[in-house]
Protein chains: 2
Amino acid sequence: MPPSGSPISPSIASRLHDHNHCISTAMETAQRICSDNGVRLTQLREQVLRLIWQSHRPLGAYALMEMLAEQSTRRVAPPTVYRALEFLLEQGLIHRINTLNAFVGCTHPQGDHDNNFMICEECGVAIEFCTEKIQHDIKDSAAQFNFTIKAQSIELVGLCQACTGNKDE
Amino acid sequence: MPPSGSPISPSIASRLHDHNHCISTAMETAQRICSDNGVRLTQLREQVLRLIWQSHRPLGAYALMEMLAEQSTRRVAPPTVYRALEFLLEQGLIHRINTLNAFVGCTHPQGDHDNNFMICEECGVAIEFCTEKIQHDIKDSAAQFNFTIKAQSIELVGLCQACTGNKDE
DNA sequence: AAAGGTATGTTATTATATAACACTATCTTT
DNA sequence: AAAGATAGTGTTATATAATAACATACCTTT
Ligand SMILES: [Zn+2]
Ligand SMILES: [Zn+2]
Ligand SMILES: [Zn+2]
Ligand SMILES: [Zn+2]
């Protein structure tokens, strides 16, 4: 398990990265995790995960549904998608972005980790990050209030590196 | 303007506090802020704000709608509520809790401030908190990615002090 | 093959939010 | 006071997101 404090490669933020590598890594990791957990990464679930991983932009359930419908002959209804999403969330393979009502692939799905995102409102990319410092401070604040944390969601909305640059020009 | 790092009175977390004081303070502050900003706190907007302030539990737009309908003779449709909510959000008098699709009164609506909540999944109370440390670390992380923050949402879901105690018994 | 559990299909419904246009109240200018 | 502009609200319809309930298919074990 990698140290939870290590920042995720910022190269994801850049638009120039080997995204095929992101996809293949994600799919392989997913297979392994499901196998380890004794659960089945069925065709549908695999298909949904792959669609989500087509980019680093969170996808809404209904967008996902349409993409599924295009790929297959069978009709696809909301529960089909939502059940797959629920499964992937449970296995920690994707995250839900509350600000967007959308879902994005997890970039480090091994072990427990926080759920912190920077979301670019220009290009739509969501960058997952996690730092021990923030996590420490949050635990600290919670302790002050005697609050027991069960889940957390940190979402920063703004402009990513590339889009900040574009705005300046 | 109070120092933004000072923690909000934890007494809100306790169920035993003078909530009438919360309400009257909130309504007076709202009047002043609207007056300062040169905008109108109309009857409807005042009514919605007061309903939101009936507790520290975030309220959904449709719950709010029903409460409005009970209070008045006229029919109340979604846009009525959403426009009032939009106004109150713009003036910084309320916050939207993304995790719940619900709205809660702001406990320190003066000046810019963060948007950090601890939400008790047992009693439904949302406690607004803000600390300079977290804010500093967040800016730090964003800087690492050259990310420009425009808005942020930190939501911790779990058990508040009172409800943690109850669970232990 | 039968049984039990897991996964998916199907239909209907609930929950949340916005678009578009009409009308009214309030403010500004004359 | 009257006219015009702006802001606020009413009204209808619709978009978007999520779940409930039940039927069917699939997979594993006996
Ligand atoms: Zn990638
Ligand atoms: Zn993750
Ligand atoms: Zn109170
Ligand atoms: Zn606030």
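The sequence lines fix the lettering, A, B, ..., with proteins before strands; numbering per chain opens at 1. Worth saying up front: this structure is predicted, and the values here are computed from it rather than measured.
Contact between B/V81 and B/A61 at its shortest, heavy atoms only, is CG1-O, 3.7 Å. Across every non-hydrogen atom of B/S141 and A/M118, the tightest pair is O-CE, 3.5 Å.
Atom CD of A/E86 is separated from atom P of C/dT6 by 14 Å (rounded to the nearest Å). In this entry the distance linking CG of B/L88 with P of D/dG8 reads 12 Å, nearest Å. At whole-Å resolution of the value, CG in B/N101 and C1' in D/dA15 are 15 Å apart. Summarising the geometry, the separation between CZ on B/F87 and P on D/dG8 is reported as 7 Å, rounded to the nearest angstrom. The separation between B/N98 atom CG and D/dA17 atom C1' is 14 Å, rounded to whole Å. Straight-line distance from the CE atom of A/M65 to the P atom of C/dT10: 13 Å, rounded to whole Å. Atom CD in B/E66 sits about 12 Å away from atom C1' in C/dA15, given to the nearest Å. Atom P of nucleotide D/dA17 and atom CG of B/L100 are separated by 18 Å, given to the nearest angstrom.
Nucleic acid contact class of B/R74 (heavy atoms, under 4.0 Å, all strands): sugar-phosphate only.
Contacts with DNA chain D (heavy atom under 4.0 Å) in residues 40-48 of chain B: B/R40, B/T42, B/L44, B/R45, listed by number.
The list of ring pair (Phe, Tyr, Trp, His ring centres under 6.0 Å) pairs with a residue in residues 64-89 of chain B, not counting sequence neighbours, is empty.
A residue-by-residue look at B/P79 and B/V39 shows that B/V39 has its nearest nucleotide of DNA chain D further toward the 5' end. Toward the 5' end of DNA chain C, the nearer of the two residues A/V76 and B/Y82, judged by each one's closest nucleotide, is A/V76.
Between A/R75 and C/dG9 there is no side-chain N or O to OP1 or OP2 distance below 4.0 Å. Contact check, A/T80 against C/dG9: a side-chain N or O comes under 4.0 Å of OP1 or OP2.
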Can you list the steps and then say if A/Q71 with A/Q47 is a side chain to side chain donor-acceptor pair (under 3.5 Å)? CA-CA 9 Å; A/Q71 289 194 352; A/Q47 199 179 358; 2.9 Å; yes
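Judged by distance alone, the side chains of B/E128 and B/T107 do bring a donor and an acceptor atom under 3.5 Å apart. A donor atom on one side chain and an acceptor atom on the other are not found under 3.5 Å apart for B/Q31 and B/E46. Looking only at atom types and distance, the side chain of B/E155 has no donor-acceptor partner in the side chain of A/N98 under 3.5 Å away.
Residue A/R83 places its side chain closer to D/dA21 than to any other of C/dT11, C/dA20, D/dA21.
Residue B/Y62 places no side-chain atom within donor-acceptor reach of the base of C/dA15, judged by atom type and a 3.5 Å distance cut-off alone.
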